[in-house]
Amino acid sequence: GCEERARRLAGLFVPEWRDVHRFLLRRASLLITPSGAAREVLVHSFPELASSIRVVPHGVPAREPLPGRPDGPHRQIAVLGYGGRHKGDGLLEQVIDTLVPDEVIWHFFGRERFGTRPRRQVVLHGTYRRDDLPRLLAEAGINLVLLLSPWAETYSYTLSEAWRLGLPVAGSNLGAIGERIRTHGGGVTVDPWDPPAVADTLRSLFADPARLARLAREAAAAGRALP
């Protein structure tokens, strides 16, 4: 099947791909990655380059944290940016369906459609201009941002945007998202490949307003410290 063909292709092309990039990277006096997690990926494949790799985080525009979000019968979760199966949409659908009894409303910013079928608890806000994002999130009364990427990201501008606005994040425990949350707080990490566990984590957050408020304060502090 496809998986077996992928293994054969990886075995054929990955060593050659690494050799080509080793040839190029060894000629650089300095290599920059946006996170320690991204640096580890390079060092794993090219250990001889470790001494020449420097971590320099990406910068994002400064923003004021959003005003406090009032409690209500519904909890508002934001999913930011483009998605797709490769970004964990299938896993996210399982989380959404699990939380139907919990009256969670899901706001998708940056896309016109989501999922294999319509869901009444999903609100599609469409594309947006970056400068409009704070207003849109405030109008929706967002309590939490979910970043459920099933693959290791190298940085995540979306995480930075959420922190700048003082929004706590439930993020993938993989790659730079997991690394940044574990280092700075401002959220919790989840296993994106375990939708029931993700749903349980979100339930526990909404059941503990004091903890959610503390994470929001940590997120604002992490946001102020960003370059």
Side-chain angles (χ1 to χ4, degrees), residues 10 13-66 78-84 86-88 91 109-110 130-131 133-134 137 144-194 198 201 214-227:
F13 292 116
V14 168
E16 180 180 325
W17 181 91
R18 286 178 177 165
D19 286 343
V20 170
H21 283 78
R22 180 178 286 106
F23 175 81
L24 296 171
L25 294 172
R26 288 178 66 177
R27 278 150 181 76
S29 57
L30 176 65
L31 298 168
I32 295 175
T33 64
S35 67
R39 182 183 185 278
E40 289 176 7
V41 171
L42 280 179
V43 171
H44 178 75
S45 295
F46 311 112
E48 71 275 17
L49 301 177
S51 62
S52 63
I53 303 175
R54 179 183 174 191
V55 176
V56 180
H58 294 308
V60 294
R63 299 191 189 280
E64 289 297 316
L66 299 179
V79 180
L80 307 179
Y82 295 110
H86 66 294
K87 287 287 188 178
L91 299 167
F109 297 90
R130 190 178 203 179
D131 290 342
L133 184 59
L137 293 171
L144 183 72
V145 173
L146 180 65
L147 303 178
L148 203 62
S149 177
W151 315 110
E153 303 283 355
T154 58
Y155 188 68
S156 181
Y157 281 106
T158 305
L159 175 58
S160 296
E161 289 278 7
W163 278 352
R164 283 287 204 201
L165 296 172
L167 290 171
V169 174
S172 168
N173 59 6
L174 304 174
I177 294 176
E179 175 192 61
R180 295 177 68 194
I181 292 174
R182 287 189 293 271
T183 300
H184 301 289
V188 296
T189 60
V190 295
D191 179 355
W193 294 97
D194 189 349
V198 174
T201 297
R214 175 178 59 80
L215 293 175
R217 292 192 296 271
E218 291 178 1
R224 288 192 296 271
L226 288 169

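- One finds the CG atom of L42 at 9.0 Å from the CZ atom of R39 (value rounded to the nearest 0.5 Å).
- A distance-only check finds a donor-acceptor pair linking the side chain of S172 to the backbone of S149 [under 3.5 Å].
- For the pair D131/R63, a side-chain contact is recorded, criterion being any heavy-atom separation below 4.5 Å from C-beta on.
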Enumerate, atom names and distances included, each donor-acceptor pair closer than 3.5 Å involving a side-chain atom of residues 25-34, sequence neighbours excluded.
from, atom 1, to, atom 2, distance (Å)
R27, NH1, F23, O, 2.6
T33, OG1, S35, O, 3.1

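- Taking every heavy atom of both residues into account, R130 and V60 meet most closely at NH2-CG1, 4.0 Å.
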What pairs of donor and acceptor atoms, side-chain ones from residues 217-227 against any protein atom, are under 3.5 angstrom apart with sequence neighbours left out?
from, atom 1, to, atom 2, distance (Å)
E218, OE1, G186, N, 2.9
E218, OE2, R214, NH1, 2.9

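- Summarising the local packing, CZ of R18 is surrounded by 12 or fewer heavy atoms from other residues, nucleotides or ligands at distances under 6.0 Å.
- L174 is not listed as a side-chain neighbour of P150, based on a closest heavy-atom distance of 4.5 Å or more.
- A 4.5 Å side-chain heavy-atom check between T154 and H58 finds every atom pair outside the cut-off.
- Taking both residues in full, the closest heavy atoms of G175 and A37 are given as C-CB, 3.6 Å, listed atom of the first, atom of the second, then distance.
- At a threshold of 4.5 Å between non-hydrogen side-chain atoms, the residues K87 and E153 count as touching.
- Formation of a donor-acceptor pair under 3.5 Å by the R180 side chain with backbone atoms of S156 is found in this model.
- For the side chain to side chain contact (heavy atoms under 4.5 Å, CB included) with L167, the qualifying choice from V145, L80, L215, L144 is V145, the only one to do so.
- Residue R182 comes nearest to T189 through the heavy atom pair CG-CG2, 4.2 Å, listed as atom of the first residue, atom of the second, then distance.
- For the ring pair (Phe, Tyr, Trp, His ring centres under 6.0 Å) test, residues two or more places apart in sequence or in another chain that qualify with H21 are W17.
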Report the C-alpha separation of W163 and I181 in whole Å, then their side-chain angles, then the decisive distance to 0.1 Å, and conclude whether the side-chain contact (heavy atoms from CB on, under 4.5 Å) test is met. CA-CA 10 Å; W163 278 352; I181 292 174; 4.0 Å; yes

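- Taking CZ from R164 and CG from L159, the interatomic distance works out to 12.0 Å, rounded to the nearest 0.5 Å.
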